[in-house]
Amino acid sequence: MKTLKILSALLVIAVITAFTINNTTSKGYKVGDYADDFSLKNIDNKMVSMADYKEAKGFIVIFTCNQCPYSKMYENRIIALDNKFKSKGYPVIAINPNDPAASLGDDFASMQQRAEIKGFTFPYLFDEGQKVYPKYGATKTPHVYLLNKDSEGLKVAYIGTIDNNARNEEKVSVSYVEDAVNALLTGGEIKNTNTKAIGCSIKTL
């Protein structure tokens with residue numbers, strides 16, 4: 001009986017340890033990490049890197065797509081973020097992480113069409129071969145990574161969702177990305193550095 005209790009206790013410890021290890025070694029960037037640059041094809045067929053933006057103070061990197069209903073709900077708000085913060089040094093860079101073979105309508109030509117229809121004011125890049133989104137650890141569309149440039153590189157300042165109401169913009173009470181960028185611009189503290197990304201899972205074969 002005593003042996004059984006000991007074995008049970010060891011099993012509980014093993015399970016807890018496994019979850020702890022899994023949480024601390026999860027893939028992708030965390031707040032405070034430095035992000036690598038990328039070179040991806042934009043809808044105008046030109047390659048785009050963050051290094052191209054010499055005057056930028058940082059970037060609002062958003063993994064999004066054509067087909068996800070949540071991505072569509074947020075399109076106007078993403079345009080608004082770019083219009084508000086691009087001139088202040090924090091432009092939006094949108095990246096489609098979906099494999100078009102696994103997500104009908106997320107091919108490059110469809111990206112070009114969607115950007116024209118919506119009047120995107122920002123680069124809309126194709127993560128061909130799905131090489132970039134795993135580095136970031138993105139799991140949803142949309143999924144936001146706010147990067148802030150310092151002497152060492154591009155530091156991740158915020159990860160998560162755009163605001164707290166995907167379905168109804170009029171009922172938004174907390175604008176996480178906007179608040180975070182404003183904090184960086186004023187030298188303040190970002191109150192919410194991590195939120196849960198709400199959207200569709202990234203499609204891959």
Side-chain angles (χ1 to χ4, degrees), residues 22-23 25-38 40 42-43 48-50 58-82 84-85 90-100 102-103 105-106 110-111 114-115 118 120-148 154-167 169 172 174-181 183-184 190-205:
N22 185 49
N23 288 338
T25 60
S26 60
K27 296 180 180 179
Y29 297 134
K30 297 176 179 61
V31 171
D33 289 347
Y34 284 91
D36 293 333
D37 202 350
F38 45 72
L40 296 174
N42 189 20
I43 48 173
V48 171
S49 298
M50 291 185 286
F59 300 92
I60 305 170
V61 177
I62 304 179
F63 292 91
T64 188
C65 67
N66 297 336
Q67 296 301 311
C68 173
Y70 287 92
S71 292
K72 291 180 179 180
M73 290 176 199
Y74 272 116
E75 283 174 331
N76 290 339
R77 280 173 269 184
I78 293 172
I79 293 170
L81 282 170
D82 187 56
K84 183 169 185 175
F85 292 116
Y90 290 89
V92 165
I93 294 181
I95 301 173
N96 180 1
N98 284 341
D99 184 337
S103 181
D106 273 320
S110 296
M111 289 172 59
R114 188 67 185 172
K118 292 299 297 183
F120 284 175
T121 57
F122 45 80
Y124 188 24
L125 312 181
F126 181 43
D127 188 6
E128 188 171 8
Q130 299 185 301
K131 297 175 182 178
V132 173
Y133 92 81
K135 286 186 176 182
Y136 278 73
T139 59
K140 302 290 184 182
T141 52
H143 204 153
V144 181
Y145 290 77
L146 174 60
L147 310 180
N148 188 47
L154 291 166
K155 192 173 185 178
V156 181
Y158 169 83
I159 301 173
T161 189
I162 292 171
D163 55 44
N164 68 343
N165 199 318
R167 296 184 181 276
E169 185 177 358
V172 170
V174 186
S175 299
Y176 298 111
V177 174
E178 186 173 343
D179 291 347
V181 179
L184 293 177
I190 299 175
K191 293 181 180 179
N192 298 292
T193 56
N194 283 278
T195 60
K196 183 180 179 181
I198 304 297
C200 305
S201 61
I202 291 174
K203 303 301 187 291
T204 185
L205 288 178

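Shown here for D163 and S175, the closest heavy-atom pair between the two residues is CB-CA, 3.9 Å. The shortest non-hydrogen separation linking G105 to S110 is O-CB, 3.2 Å. Closest approach of A197 to P142, counting heavy atoms only: CB-O, 4.0 Å.
Residues K72 and K118 have side chains not in contact (no heavy-atom distance under 4.5 Å, counting atoms from C-beta outward). The closest side-chain heavy-atom distance from F85 to P91 is not below 4.5 Å. With contacts defined as side-chain heavy-atom distances shorter than 4.5 Å, the pair D99/I202 does not qualify. Between D127 and N96, every side-chain heavy-atom pair lies at or beyond the 4.5 Å cut-off. The shortest side-chain heavy-atom distance between L154 and M50 falls under the 4.5 Å cut-off. At least one side-chain heavy atom of L184 sits less than 4.5 Å from a side-chain heavy atom of I190. At least one side-chain heavy atom of L40 sits under 4.5 Å from a side-chain heavy atom of V132. Annotation: side chain of K155 is not in contact with side chain of V31 (no heavy-atom distance under 4.5 Å).
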Inset, instruction - Please lay out, stage by stage, how I78 and I62 fare under the test side-chain contact (heavy atoms from CB on, under 4.5 Å). - result: CA-CA 9 Å; I78 293 172; I62 304 179; 3.9 Å; yes
Inset, instruction - Apply side-chain contact (heavy atoms from CB on, under 4.5 Å) to V177 and L81, showing your working. - result: CA-CA 8 Å; V177 174; L81 282 170; 4.0 Å; yes
Legend entry - Step-by-step side-chain contact (heavy atoms from CB on, under 4.5 Å) determination, D36 to K135: CA-CA 8 Å; D36 293 333; K135 286 186 176 182; 4.3 Å; yes
Inset, instruction - For the pair Y145 and Y158, evaluate ring-ring contact (aromatic ring centres under 6.0 Å, His included) and give the outcome as yes or no after the intermediate values. - result: CA-CA 6 Å; Y145 290 77; Y158 169 83; 8.9 Å; no
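Once rounded to the nearest 0.5 Å, the distance linking CD1 of I159 with NE2 of H143 reads 6.5 Å. In this structure, CD1 in I79 is found 6.0 Å from OG1 in T121, a value given to the nearest 0.5 Å. With rounding to the nearest 0.5 Å, the separation of OG1 in T141 from CD1 in I95 is 13.0 Å. Atom CD of E75 and atom OG1 of T64 lie 6.5 Å apart (nearest 0.5 Å). Residue C68 holds its SG atom at 9.0 Å from NZ of K140, rounded to the nearest 0.5 Å. N164 contributes atom CG, which lies 14.5 Å from atom NZ of K196 (distance to the nearest 0.5 angstrom).
Among the candidates Y136, Y74, Y133, the single residue satisfying the ring-ring contact (aromatic ring centres under 6.0 Å, His included) test with F63 is Y136. Among V48, I43, V61, the single residue meeting the side-chain contact (heavy atoms from CB on, under 4.5 Å) criterion with L125 is V48.
Remark: side-chain polar atoms of S71 are not paired, donor with acceptor, to backbone N or O of N66 under 3.5 angstrom. Without hydrogens or angle criteria, S49 side chain to F38 main chain gives a donor-acceptor distance under 3.5 Å. Although no hydrogens or angles enter the test, the distance criterion places no donor-acceptor pair under 3.5 Å between the side chain of E169 and the main chain of R77. For the pair D179 (side chain) and Y176 (backbone), a donor-acceptor distance under 3.5 Å is absent. Of the possible donor and acceptor atoms, none in the side chain of N42 sits under 3.5 Å from a partner among the backbone N and O of P123.
Residues Y70 and R167 bring a donor and an acceptor atom of their side chains to less than 3.5 Å of each other.
By the side chain to side chain contact (heavy atoms under 4.5 Å, CB included) test, K203 is found to be paired with N98, A102, S103, C200, S201, residues two or more places apart in sequence or in another chain being considered. Checked against side chain to side chain donor-acceptor pair (under 3.5 Å), N148 has the following partners two or more places apart in sequence or in another chain: Y90.
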